[in-house]
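One structure is given below, encoded as structure tokens.
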Amino acid sequence: MTRSASSSRSILTTNGLVIGALLIGFANHVAIAALFGLTRNVDAYYAALMLPTLFMNLFLDYLGKNFMPTFARARKESRELASELTSSVVTIVSLVAVGAAVLLALFGAKLFELLLPGFTAGEVELVHRYFLIMAPTLVLTAITVFHEYACQHDEDYVRIAAIRAALPVANLIAILALSPLIREYALPTGYLLGHVIVFVLMARRANYTYSCRISLRRDWERKIFANSAVVMGSGLVARTKVIVMNYLGSMLGGGAIS
């Protein structure tokens, strides 16, 4: 098989997996609506997703995009340097994610109370309980995003698309299998299980040697974090629209956020 034919096949397979994941995601929404309806309990799940989504949009997304070119430059010099860079960034970001998860677990109820003025005290407490189930995904995602960029550098796009599809698949299975037992708690549980599966699969695929290290070298780690901070400031308003949407949706009655 020629290189061009192999590349075309890879593109078609990747696009097929992406479309398949989108269809499964759509099936998730249909299953949620069919099993639970558009209620405050379902709204609470989507409201609890607000904090993990913000963490991804405001922190990990910018870091990941600035990590990729620096990682590519390090890989050109040596695989050892690329492994050191990735290990250091993963360690630093993981510690930040652990700290964020702990703080949000402790003070999330008060924060959700401010962000969801239309929710009753009981509904806010439900949002917080959902978030506690999903809190570990902050750490899992913080690691997975850099493993994914390492795989992208190796042009492992088909495997990346297949691993990404594990998240909506796990969500759908959890919704269908667990909802008779734990009702709406199947939603955050499936979200967590999906991220665990994606984390394990992507960690096994990432082609680098991890070592627990923290470095802030000027031309490597420090450059990634500094550039990310600059870009993050310019896109702050656009990335926080989810806060406004949930804030307003909380005051419109059951199903508005869903």
Side-chain angles (χ1 to χ4, degrees), residues 25-61 96-142 144 167-168 170-199 236-258:
F26 177 75
N28 281 334
H29 293 304
V30 173
I32 291 171
L35 292 172
F36 308 122
L38 299 178
T39 66
R40 277 298 205 198
N41 286 351
V42 177
D43 282 349
Y45 165 67
Y46 288 108
L49 279 176
M50 175 170 43
L51 297 184
T53 301
L54 280 175
F55 183 74
M56 179 66 188
N57 290 342
L58 296 180
F59 185 54
L60 297 179
D61 192 29
V96 172
V98 169
V102 171
L103 288 175
L104 291 172
L106 293 174
F107 304 106
K110 292 294 183 183
L111 183 59
F112 283 124
E113 188 176 338
L114 293 174
L115 297 176
L116 303 166
F119 277 38
T120 66
E123 290 165 349
V124 169
E125 177 59 27
L126 181 61
V127 175
H128 189 223
R129 288 201 297 268
Y130 284 168
F131 172 76
L132 291 178
I133 296 173
M134 296 187 290
T137 64
L138 271 67
V139 182
L140 298 176
T141 305
T144 298
L167 180 57
N171 287 344
L172 183 58
I173 292 174
I175 291 170
L176 297 177
L178 298 179
S179 59
L181 302 174
I182 57 177
R183 296 297 297 164
E184 287 87 353
Y185 281 94
L187 302 176
T189 302
Y191 186 82
L192 174 60
L193 290 175
H195 276 81
V196 170
I197 293 171
V198 171
F199 169 81
L236 183 63
V237 175
R239 297 295 182 116
T240 55
K241 64 181 180 181
V242 65
I243 296 177
V244 178
M245 294 172 63
N246 280 271
Y247 184 93
L248 297 175
S250 71
M251 297 185 288
L252 296 178
I257 294 178
S258 304

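The two residues Ala31 and Leu176 make their nearest non-hydrogen contact at CB-CD2, 4.5 Å. Taking each heavy atom of Gly190 and Ala174 in turn, the nearest pair found is CA-CB, 3.4 Å. Residues Val127 and Ala48 approach most closely at O-CB, 3.5 Å, considering heavy atoms. Between Phe36 and Ser179 the shortest heavy-atom distance is CZ-CB, 3.5 Å. Heavy-atom minimum distance, Phe131 versus Ala105: CE2-N, 3.9 Å.
Applying the side chain to side chain contact (heavy atoms under 4.5 Å, CB included) criterion to Val30, with sequence neighbours excluded, gives Phe26. Listed by chain and residue number, Ser258 satisfy the side chain to side chain donor-acceptor pair (under 3.5 Å) test with Asp43 (two or more places apart in sequence, or in another chain). With sequence neighbours left out, the ring pair (Phe, Tyr, Trp, His ring centres under 6.0 Å) criterion links Tyr191 to His195. Residues meeting the ring pair (Phe, Tyr, Trp, His ring centres under 6.0 Å) test with Phe55, sequence neighbours left out: Phe59. Evaluation of the side chain to side chain contact (heavy atoms under 4.5 Å, CB included) rule for Tyr185 yields Leu126, Arg129, Tyr130, Ile133, Ile182 as partners, not counting sequence neighbours. The side chain to side chain contact (heavy atoms under 4.5 Å, CB included) search around Ile197 returns Ala166, Ala170, Leu201, not counting sequence neighbours.
For the salt bridge (charged side-chain N to carboxylate O under 4.0 Å, His left out) condition, the pairs that include at least one residue of residues 108-123, sequence neighbours left out, are Arg40-Glu123. Each salt bridge (charged side-chain N to carboxylate O under 4.0 Å, His left out) pair with one or both residues in residues 174-195, not counting sequence neighbours, would appear here, but there are none. Residues in residues 247-258 take part in no salt bridge (charged side-chain N to carboxylate O under 4.0 Å, His left out) pair, two or more places apart or across chains. Applying the side-chain hydrogen bond (donor to acceptor under 3.5 Å, both in side chains) rule to pairs touching residues 25-34 yields His29-Tyr46, sequence neighbours excluded.
In this structure the side chain of Leu54 reaches within 4.5 angstrom of the side chain of Met50, judged on heavy atoms. Contact check for Ile257 versus Leu116: side-chain heavy atoms found under the 4.5 Å cut-off. A heavy-atom distance below 4.5 Å is not found between the side chains of Pro52 and Thr141. Residues Asn246 and Leu115 are not in side-chain contact: their nearest non-hydrogen atoms beyond the backbone lie 4.5 Å or more apart. Residues Thr120 and Val124 fail the side-chain proximity criterion, which asks for heavy atoms closer than 4.5 Å.
Atom CG of Leu192 is separated from atom CG of Leu140 by 7.0 Å, given to the nearest 0.5 angstrom. Rounded to the nearest 0.5 Å, atoms CG (Leu51) and CE (Met56) are 15.5 Å apart. Put simply, CG on Leu104 and CG on Leu111 are 7.0 Å apart, with the number rounded to the nearest 0.5 Å. In this structure, Ile32 CD1 and Leu172 CG are separated by 9.0 Å, a value rounded to the nearest 0.5 Å.
Atom CE of Met251 sits in a crowded spot, with more than 12 heavy atoms from other residues, nucleotides or ligands closer than 6.0 Å.
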